[in-house]
Amino acid sequence: MADENRRAETIAAANGIGTDTAFGAVTPPLYLSTTYTFAEFEKARAYDYARLGNPTRDQLADTLAKLEGGARAVVVSSGMAALDLALSPLRPGDLLVAPHDCYGGTHRLLSMRAARGHYRVAFVDQTDEAALNAALAEGARIVLTETPSNPLMRITDIRRVAALAKAAGALFIVDNTFLSPALQRPLALGADLVVHSTTKFLNGHSDVIGGAVIAADASLGDELAAWANTVGVTGSPFDAYLTLRGVRTLFPRIERQSRNAAAVAAFLDAHPAVARVYYPGLPGHPGHALARSQQSGFGAMLSAELAGGREAVRRLVGALRVFSLAESLGGVESLIAHPVTMTHAAMDPEARERAGVGHGLVRLSVGLEAEEDLLGDLAQALDAVARS
């Protein structure tokens with residue numbers, strides 16, 4: 001079967017398998033060398049220095065590009081490096097339109113770049129088309145979207161924003177970290193670039209920091225690759241090797257995690273100690289129908305607002321035994337985070353309030369544990385909250 005006709009599940013599991021010509025290794029080898037010999041004077045081989053190119057990193061990049069349906073992927077050292085690389089075309093005075101409820105690290109990066117005069121930023125509720133159009137009318141150079149948003153799981157219409165960005169002459173970037181190409185492919189919906197923290201679902205084992213940018217257009221991908229080499233943010237070969245190993249199980253992992261997350265969301269939605277659950281898989285979520293139209297599943301991330309506020313959160317996380325209190329997401333283990341004091345602590349309080357990130361909000365990354373154990377853990381912890 002030709003590579004271009006393979007389904008995404010096959011690409012994830014088998015891209016690069018059995019291609020070793022030296023010894024016939026089934027798994028692509030890990031190349032750790034930082035430098036490579038020249039064939040002769042003034043005649044370089046395919047690789048000469050690992051910052052510019054590495055066979056292991058290129059194997060991961062090729063796999064990610066195929067999974068996202070892009071022309072080229074650039075693998076870098078972290079998710080924040082990937083976002084910064086994707087925004088590198090911006091110049092002083094250019095306007096970036098960003099989501100008002102984005103990940104706290106994203107908000108911090110954009111705010112600090114703007115404060116240094118690298119570009120201008122407008123944080124906009126992108127589910128409000130009038131507000132988005134007003135920002136675009138100011139001459140936006142790039143539109144950045146995060147859908148589902150972190151941590152409130154708002155769903156942005158990728159097709160609609162892509163059309164608006166194109167009409168305004170703006171580059172359109174989508175952060176696809178929360179869903180991965182297993183559940184959403186933004187390039188097919190009109191995006192120009194997709195960014196990932198590969199630390200999360202793509203690697204899936206909480207043991208690697210990494211990022212990637214995937215471009216729909218090869219020439220833009222080439223420009224970003226050249227800049228990544230220039231500033232030295234390309235990822236390490238060993239991290240690429242581990243991430244590719246994680247990608248092999250992406251589809252079965254996310255399928256199981258999504259089932260668990262749906263059960264957790266339904267349980268929390270019915271619990272009297274929980275004021276509100278943010279999960280697009282729930283029929284009452286305002287983005288439910290849109291998510292069904294542009295995603296192939298609802299994912300393993302959700303958030304919940306506890307009725308007792310910050311003190312209820314303190315008691316809840318102290319009583320949990322299966323869920324671990326930790327930042328990050330997308331691993332095989334279940335995690336819970338308190339955005340106000342953890343992932344979004346760097347956001348100023350006014351920005352958090354505008355985004356709707358309150359003190360009673362917790363974010364859950366649901367793993368591969370038995371559904372009964374996850375629900376039992378939440379039940380006993382919520383009971384402990386009620387008794388306090």
Side-chain angles (χ1 to χ4, degrees), residues 1-20 24-29 55-75 82 147-148 155 158-159 162 174-205 208 210-218 221 240-262 280-281 290-301 330-332 366-368:
M1 180 187 298
D3 286 355
E4 60 270 18
N5 295 324
R6 290 181 176 177
R7 296 180 63 87
E9 295 89 338
T10 303
I11 293 170
N15 191 53
I17 293 293
T19 58
D20 175 46
V26 172
T27 300
T56 306
R57 189 170 65 234
D58 286 354
Q59 184 65 70
L60 173 61
D62 180 65
T63 302
L64 296 181
K66 288 174 178 174
L67 285 174
E68 286 284 10
R72 178 161 189 179
V74 185
V75 174
T147 183
I155 304 298
I158 295 176
R159 294 182 184 88
V174 176
D175 186 332
N176 200 28
T177 297
F178 262 29
L179 293 178
S180 88
L183 298 180
Q184 182 171 262
R185 300 179 76 201
L187 298 182
L189 301 174
D192 298 300
L193 292 174
V194 168
V195 296
H196 282 280
S197 170
T198 57
T199 309
K200 311 305 193 296
F201 287 101
L202 288 170
N203 174 60
H205 293 81
V208 172
V213 184
I214 301 96
D217 178 74
Y241 180 84
L242 289 177
T243 302
L244 183 58
R245 184 188 64 175
V247 169
R248 301 300 186 198
T249 61
L250 173 64
F251 282 84
R253 279 191 289 107
I254 280 205
E255 181 180 0
R256 171 65 178 270
Q257 287 174 277
S258 297
R259 287 202 306 270
N260 279 348
L290 178 57
R292 288 180 64 89
S293 75
Q294 66 185 21
Q295 303 170 195
S296 56
F298 298 111
M301 298 299 302
V332 296
V366 182
L368 293 176

Rounding to 0.5 Å, atoms CD (Glu68) and OG (Ser180) come to a distance of 7.5 Å
Is there a side-chain contact (heavy atoms from CB on, under 4.5 Å) between Gln59 and Asn15 once you walk through the steps?
CA-CA 8 Å; Gln59 184 65 70; Asn15 191 53; 3.3 Å; yes
**Prompt:** Can any side-chain N or O of Asn203 pair as donor or acceptor with the backbone N or O of Gly246 at less than 3.5 Å?
**Reply:** no
From the list Ile11, Val194, Leu67, Leu187, side-chain contact (heavy atoms from CB on, under 4.5 Å) partner of Pro181 resolves to Leu67
- Query: Below 4.5 Å, heavy atoms only, C-beta onward: do Leu179 and Pro148 meet side chain to side chain?
  - Reply: yes
Query raised in the report: Taking the side chain as C-beta and beyond, is there a heavy-atom pair between Leu250 and Leu202 under 4.5 Å?
Result: yes
Review point. Does the Arg72 side chain pair with the main chain of Ile214, one donor and one acceptor, at a distance under 3.5 Å?
Key: no
Do Leu290 and Thr147 come within less than 4.5 Å of each other through their side chains, counting heavy atoms only? no
Between Tyr241 and Pro28, the two heavy atoms sitting closest are CE1-O, 3.7 Å
Those residues at least two apart in sequence (or on a different chain) that pass side-chain contact (heavy atoms from CB on, under 4.5 Å) with Glu255 are Arg259
Rounding to 0.5 Å, atoms CG (Leu242) and CG (Leu60) come to a distance of 10.5 Å
For Gln295 and Gly297 the tightest heavy-atom approach is NE2-O, 2.8 Å
**Prompt:** Can you tell me if Thr177 uses its side chain to pair, donor with acceptor, with the backbone of Ser197 under 3.5 Å?
**Reply:** yes
Note: Gln257 and Leu368 closest approach over all heavy atoms is CG-CD2, 3.6 Å
Query raised in the report: Can you find a pair of side-chain heavy atoms, one from Ile17 and one from Arg248, that are under 4.5 Å apart?
Result: yes
Here the pair of heavy atoms bringing Ala162 nearest to Ala191 is CB-N, 4.4 Å
Practice prompt. Start with the C-alpha gap between Leu64 and Thr243, add the side-chain angles, then the distance that decides, and say whether side-chain contact (heavy atoms from CB on, under 4.5 Å) holds.
Written response: CA-CA 10 Å; Leu64 296 181; Thr243 302; 5.7 Å; no
Exercise. Going through the distances and angles, do Lys66 and Thr63 end up as a side-chain contact (heavy atoms from CB on, under 4.5 Å)?
Worked result: CA-CA 5 Å; Lys66 288 174 178 174; Thr63 302; 6.0 Å; no
Closest non-hydrogen contact found for Ala261 with Gly299 is CB-O, 3.5 Å
Applying side-chain contact (heavy atoms from CB on, under 4.5 Å) to Arg159 and not counting sequence neighbours gives Asp157, Leu189, Ser293, Gln294
message: Set out, in order, the CA-CA distance, both residues' side-chain angles and the distance that settles side-chain contact (heavy atoms from CB on, under 4.5 Å) for Thr249 and His205, then state yes or no.
response: CA-CA 11 Å; Thr249 61; His205 293 81; 4.2 Å; yes
Taken in chain and number order and not counting sequence neighbours, the residues that satisfy ring pair (Phe, Tyr, Trp, His ring centres under 6.0 Å) with Phe298 are His288
Looking at Thr199 and Gly210, would you say the former's side chain and the latter's main chain have a donor-acceptor pair under 3.5 Å? yes
Between Thr56 and Pro29 the two heavy atoms that sit nearest each other are OG1-O, 3.4 Å
